[in-house]
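Working notes, beginning with the structure itself.
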Amino acid sequence: IASMMRLPIASSTEGLDACFVGVPIDHGTSNRPGTRFGPREIRSSSVVVHEVNVTTGATPFQSLMVADVGDVWVNLYNLPDTCRSIKESFAKMIANGCIPLTAGGDHTITYPILQAIAGKYGPVGLVHVDAHGDCSDTMLGEKIAHGTPFRRAVEEGLLDTKRVVQIGLRGSGYSVDDNKYQLDNGFRVVPAEQCWHKSLSPLMNEVKEQMGDGPVYISFDIDALDPAFAPGTGTPEIGGLTSIQGLEVVRGCRGMNVVGADLVEVSPPYDTTGITALTGANLLFEMLCILPGVKYDK
């Protein structure tokens with residue numbers, strides 16, 4: 001069985017501090033499909049990831065009990081029913097305080113995950129790394145899709161909107177006011193152009209202050225990275241973040257009260273070299289390394 005980082009497979013989160021979980025769907029996508037195969041390929045690529053973060057000194061497996069709990073059951077013929085299943089599965093998963101690290105799947109999955117997370121912790125702060133704001137009201141008339149999760153989350157009070165930052169937004173849109181909804185609701189929006197040719201560590205120092213001590217969720221769409229670094233995704237946009245900047249963003253979340261995270265939109269059919277899945281596996285490991293309770297040897 002290909003588990004995340006060769007970890008033990010667990011049937012529940014009993015006794016776990018954190019877990020890896022897959023949500024293999026792509027029927028919320030609007031362009032190229034294939035993300036239903038993302039969790040499997042990320043797990044396969046993760047076999048080369050080792051247990052200690054040499055750069056930061058993080059020793060997550062000496063600090064926390066961690067396992068791979070497999071995939072959430074999904075209904076590939078019914079997206080609303082899939083969202084119901086995701087919400088219910090995550091509610092059980094986090095009931096004991098276990099922190100889920102999720103491999104997607106398209107970005108639709110973040111909506112029901114946030115429903116479960118907010119059900120336990122109340123409205124959460126959000127570090128959202130993406131090429132797209134994913135705050136559309138509808139897509140082809142549908143309220144649930146990979147471009148709508150954060151609009152639904154705001155409407156349902158799942159987010160503490162004064163503690164939301166979106167990093168890496170770019171590309172063509174539907175109007176010059178594409179980010180108006182986010183700005184009107186208090187989000188901090190950091191377009192990709194503001195990230196070019198610089199370290200994002202200073203930005204993350206500001207984000208950490210913005211997030212404070214409250215619960216925080218991290219949602220990382222792999223298309224936040226430039227397709228030169230992560231081509232295997234459904235809606236690539238040129239001019240994105242580098243993989244180094246992706247690391248800076250995740251590592252910059254150290255010290256935040258992170259209660260969950262996801263890495264979404266890896267589409268293996270377009271990932272001919274496997275570099276996108278490998279990058280996703282490493283970013284999920286980096287997310288594990290910044291969780292509360294992880295000890296550092298440096």
Side-chain angles (χ1 to χ4, degrees), residues 2-7 20-50 53 55 68 71-72 74 101-110 113 127-134 146-147 149 166-171 192 195-196 200 218-251 253 261-290:
S3 67
M4 187 69 181
M5 295 184 63
R6 306 174 304 282
L7 285 165
F20 291 102
V21 56
V23 185
I25 74 165
D26 60 8
H27 49 313
T29 194
S30 59
N31 193 24
R32 306 189 302 190
T35 53
R36 68 178 64 186
F37 304 113
R40 179 181 296 270
E41 200 61 32
I42 289 169
R43 285 184 173 107
S44 295
S45 298
S46 73
V47 298
V48 300
V49 182
H50 300 294
N53 192 319
T55 302
D68 188 329
D71 288 348
V72 169
V74 296
L101 301 171
T102 307
D106 71 57
H107 221 151
T108 310
I109 71 173
T110 306
I113 293 173
V127 178
H128 175 206
V129 194
D130 203 326
H132 312 99
D134 292 352
H146 75 160
Q166 296 184 313
I167 302 170
L169 274 55
R170 63 188 187 279
C195 303
W196 289 353
L200 297 188
I218 302 169
S219 188
F220 199 120
D221 187 326
I222 202 68
D223 72 23
L225 304 185
D226 191 273
F229 300 95
T233 190
T235 313
E237 304 279 4
I238 67 169
L241 308 184
T242 67
S243 53
I244 293 171
Q245 289 175 314
L247 288 173
E248 288 180 319
V249 170
V250 176
R251 291 175 182 175
C253 294
D262 63 50
L263 188 287
V264 298
E265 298 284 359
V266 171
S267 183
Y270 299 97
D271 192 25
T272 55
T273 65
I275 189 62
T276 312
L278 177 65
T279 302
N282 276 275
L283 287 171
L284 280 166
F285 172 65
E286 294 284 343
M287 292 174 186
L288 174 67
C289 289
I290 57 88

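We use all heavy atoms of the structure for the numbers below, so side chains are in, but hydrogens, waters and symmetry mates are not.
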Would you name the heavy atoms of [X] and [Y] that are closest together and state the gap between them?
| X | Y | result |
| --- | --- | --- |
| P231 | R32 | O-NH2, 3.6 Å |
| G104 | P39 | O-CD, 3.3 Å |
| Y270 | P33 | CE1-O, 3.4 Å |
| D262 | V264 | OD1-CG1, 3.6 Å |
| Q166 | G133 | NE2-O, 3.0 Å |
| I42 | A281 | O-CB, 3.7 Å |

- Would you please say whether a donor-acceptor pair under 3.5 Å links the side chains of H107 and D130?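 A pair is found: one side chain offers a donor N or O, the other an acceptor, under 3.5 Å apart.
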
- Report yes or no: do T29 and D106 form a side-chain donor-acceptor pair below 3.5 Å?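 Per modelled atom types, T29 and D106 side chains form no pair under 3.5 Å.
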
Residue pair [X] / [Y], side-chain heavy-atom distance below 4.5 Å:
| X | Y | answer |
| --- | --- | --- |
| I222 | L283 | yes |
| F220 | L225 | yes |
| T276 | T279 | no |

- Message: Set out, in order, the CA-CA distance, both residues' side-chain angles and the distance that settles side-chain contact (heavy atoms from CB on, under 4.5 Å) for V266 and E41, then state yes or no.
- Response: CA-CA 9 Å; V266 171; E41 200 61 32; 5.5 Å; no

Spell out, as yes or no, whether a donor-acceptor pair under 3.5 Å connects the side chain of [X] to the backbone of [Y].
| X | Y | result |
| --- | --- | --- |
| R36 | D26 | no |
| E248 | L200 | yes |
| D271 | S267 | no |
| N31 | T235 | no |
| T233 | E265 | yes |
| S46 | M5 | yes |
| T35 | I25 | yes |
| D226 | I238 | no |

- Item | H146/H132 under side-chain contact (heavy atoms from CB on, under 4.5 Å): CA gap, chis, key distance, verdict | CA-CA 10 Å; H146 75 160; H132 312 99; over 6 Å; no

- Query: Would you call D71 and R43 a salt bridge, taking side-chain N to carboxylate O under 4.0 Å as the test?
  - Reply: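 A salt bridge links D71 with R43.
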
- Message: Does I109 form a side-chain contact (heavy atoms from CB on, under 4.5 Å) with V72? I'd like the steps, not just the answer.
- Response: CA-CA 11 Å; I109 71 173; V72 169; over 6 Å; no

Interatomic spacing from [atom1] in [X] to [atom2] in [Y] - rounded to 0.5 Å:
| X | Y | atom1 | atom2 | answer |
| --- | --- | --- | --- | --- |
| Q245 | I167 | CD | CD1 | 10.0 Å |
| L284 | L263 | CG | CG | 4.5 Å |
| S45 | R40 | OG | CZ | 12.5 Å |

- Item | Derivation and outcome, side-chain contact (heavy atoms from CB on, under 4.5 Å), residues E237 and D223 | CA-CA 7 Å; E237 304 279 4; D223 72 23; 5.8 Å; no

